[in-house]
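Structure first, then comments.
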Amino acid sequence: MKKVERINTMMRYMNNRSFFTITEIMKEFDISRSTAFRDIKEIESMGMPLISEVGRSGGFIVMNNSMLPPIQFTDDEVKALFIAFMASRNQQLPFLESRQSIAEKLLGLIPEHQQEVLVSLNDFLIFERTNVQNPDLLELSDIAHPLLEQLIQIYLYSQFIKITVISNGAEQSYPVFVLHLYREKHLWMVEGFDLNNKVLMVFALDKATHVEAFQPSEKWTKPKILKMIARAQPETNVEIILGPEGIAQYQKYHPIKVSIAYMDPFQTTGVLKMSVNLQDDKTLDELINWILFLGQDITIVNLPEQIAKKLRNRSQLYN
């Protein structure tokens, strides 16, 4: 992102918040601490009213500000927003029943010449799993889990949530500090820290029967929970280097918890490091399938013998 574009976007970012920290700016815009401070000073010189707060959790308070002009989307931004929005069809997303009314309101906010372009794109583009005969049709299997919207609504007010799930044929409740909600293999998953057992857990939402907010009796804070999670993280036992073809396969599909670190500026080589539970046969089988999916353009640096043996046996079946 060019500096002028970054400064303009950063001003919008600040204007939409009452408080922000240097760390948040660094992470959001992928810049160094010194660059973040320089950008903030430049924005202050333009007239944006900011008040700095010192201390361990200090940051910047944004005063009421009306210096920015009304938001106007460029042609490319409107196209990107509309295409991303229409691609949400048939994806088991929450609040999806409001999609049509939102699309019409979006069209009403933009100039007429942009409206015609978006209508043409809507007729032209067909996304995966769309019913071609009736693109606005939501198949029964595409409707999101009924607890999904409820979980999101609760999370917006409290990350402390009690989740009741079916386990071994019986209901069991877990008081958790919810960290993430994500979709993997067509299922919505809830990642949270179990406050009773003090372990990180992942729940499949389709196994849940009830969610509700609760107030823990013990004083828990997010930094305290994140420190406990970090200390409990197992050591990395799988390391794989990917070449260009392997990276292309990775980008087609990868488990959501597996991230790649690129090893050169052109992103032609990358390394995957992960920790795998060797006691979970299902996870091991899925990992082996995925390694085979990555193809031949990979170099295995570290792999437990238990996985390597299964991988050799699978490879021999294909030879």
Side-chain angles (χ1 to χ4, degrees), residues 19-28 30 33 55-59 94 145 147-148 150-167 172-185 187-208 210-240 250 254-262 270-284 286-287 290 301-304 306-307:
F19 180 84
F20 66 89
T21 65
I22 285 291
T23 303
E24 289 171 346
I25 291 290
M26 291 167 59
K27 183 177 180 182
E28 183 71 23
D30 192 23
R33 179 174 290 271
R56 186 174 180 180
S57 58
H145 191 285
L147 290 181
L148 185 57
Q150 185 179 347
L151 178 64
I152 293 173
Q153 298 284 19
I154 295 173
Y155 174 85
L156 295 176
Y157 295 96
S158 172
Q159 286 183 257
F160 293 101
I161 298 176
K162 184 174 290 185
I163 301 177
T164 303
V165 298
I166 299 293
S167 179
Q172 187 168 351
S173 295
Y174 297 87
V176 301
F177 181 83
V178 174
L179 295 167
H180 299 107
L181 174 67
Y182 61 92
R183 192 162 177 248
E184 189 171 59
K185 297 178 183 176
L187 294 175
W188 282 100
M189 313 298 289
V190 183
E191 181 185 38
F193 183 75
D194 182 348
L195 299 177
N196 281 346
N197 300 306
K198 297 179 174 59
V199 294
L200 193 65
M201 296 187 68
V202 176
F203 305 88
L205 197 60
D206 69 327
K207 300 291 185 183
H210 184 71
V211 293
E212 63 181 27
F214 84 103
Q215 185 62 44
S217 55
E218 185 179 346
K219 187 176 180 181
W220 289 97
T221 64
K222 186 173 183 177
K224 176 182 177 181
I225 292 172
L226 294 180
K227 283 182 181 179
M228 294 182 68
I229 293 173
R231 285 198 298 265
Q233 288 296 321
E235 293 184 4
T236 297
N237 57 4
V238 173
E239 182 176 351
I240 303 173
Y250 166 88
H254 60 88
I256 200 164
K257 292 298 186 65
V258 178
S259 59
I260 188 171
Y262 291 104
V271 60
L272 301 172
K273 295 182 180 181
M274 65 194 91
S275 177
V276 179
N277 181 5
L278 300 179
Q279 309 304 318
D280 188 341
D281 289 335
K282 182 180 179 182
T283 298
L284 295 185
E286 290 176 349
L287 174 65
W290 185 59
V301 178
N302 183 34
L303 196 67
Q306 183 177 341
I307 302 176

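Worth saying up front: this structure is predicted, and the values here are computed from it rather than measured.
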* Would you sort out whether Val190 and Ile163 count as a side chain to side chain contact (heavy atoms under 4.5 Å, CB included), showing the intermediate values? => CA-CA 10 Å; Val190 183; Ile163 301 177; 3.8 Å; yes
* Trace of the side chain to side chain contact (heavy atoms under 4.5 Å, CB included) decision for Val176 with Leu195 -> CA-CA 5 Å; Val176 301; Leu195 299 177; 5.7 Å; no
* To do: Begin from the C-alpha positions of Arg33 and Thr23 and carry the test side chain to side chain contact (heavy atoms under 4.5 Å, CB included) through to its verdict.
  => CA-CA 8 Å; Arg33 179 174 290 271; Thr23 303; 4.1 Å; yes
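Inter-residue side-chain proximity for Ile229 and Phe193 is flagged as met; some heavy-atom pair is nearer than 4.5 Å. Taking the side chain as every heavy atom from C-beta outward, Thr283 and Asn277 never approach each other to under 4.5 Å. Using a 4.5 Å cut-off on side-chain heavy atoms (C-beta onward), Leu303 and Asn237 make no contact. A 4.5 Å side-chain heavy-atom check between His180 and Ile256 finds every atom pair outside the cut-off. Considering only heavy atoms from C-beta on, Ile154 stays 4.5 Å or farther from Val178 through its side chain. Between Leu272 and Val238, the closest side-chain pair of non-hydrogen atoms is not below 4.5 Å. Put simply, the side chain of Leu205 reaches to within 4.5 Å of the side chain of Leu151, judged on heavy atoms.
With rounding to the nearest 0.5 angstrom, the CE atom of Met201 is 11.5 Å from the CD atom of Glu191. If you take CD1 on Ile307 and CG on Asn302, they are separated by 9.0 Å, rounding to the nearest 0.5 Å. Remark: Leu181 CG to Ile152 CD1 distance equals 5.5 Å, nearest 0.5 Å. Separation of atoms CZ (Arg183) and CE (Met189) is listed at 12.0 Å; rounding is to 0.5 Å. To the nearest 0.5 angstrom, Trp220 atom CH2 is 4.5 Å from Glu218 atom CD. Atom CE in Met274 sits 5.0 Å away from atom CD1 in Ile240 (nearest 0.5 Å).
Closest approach of Glu235 to Ser275, counting heavy atoms only: O-OG, 3.2 Å. Of all the heavy atoms in Trp290 and Pro255, the pair that sits closest is CE2-CD, 3.6 Å. Taking both residues in full, the closest heavy atoms of Asn196 and Asp194 are given as N-OD1, 3.0 Å, listed atom of the first, atom of the second, then distance. The two residues Phe177 and Ile225 make their nearest non-hydrogen contact at CG-CD1, 3.4 Å. Leu284 and Gln306 get closest at one heavy-atom pair: CD1-NE2, 3.4 Å. Smallest separation of non-hydrogen atoms from Val211 and Gln150: O-NE2, 3.1 Å.
Asp280 places a side-chain N or O within 3.5 Å of a backbone atom of Lys282 that can act as its donor or acceptor partner.
In Gln279, the CD atom is not crowded: 12 or fewer heavy atoms of neighbouring residues, nucleotides or ligands sit closer than 6.0 Å. Crowding of Lys198 atom NZ: a count of heavy atoms from other residues, nucleotides or ligands under 6.0 Å exceeding 12. Other residues, nucleotides and ligands contribute only 12 or fewer heavy atoms inside 6.0 Å of the CG atom of Asp30. Heavy-atom contacts from other residues, nucleotides or ligands closer than 6.0 Å to NZ of Lys207 number 12 or fewer.
Ring geometry for Tyr174 against Phe203 counts as tilted: the plane angle lies between 30° and 60°, on a 0 to 90° scale.
With respect to the salt-bridge test (charged N to carboxylate O, under 4.0 angstrom), the residues Lys257 and Glu184 do not qualify.
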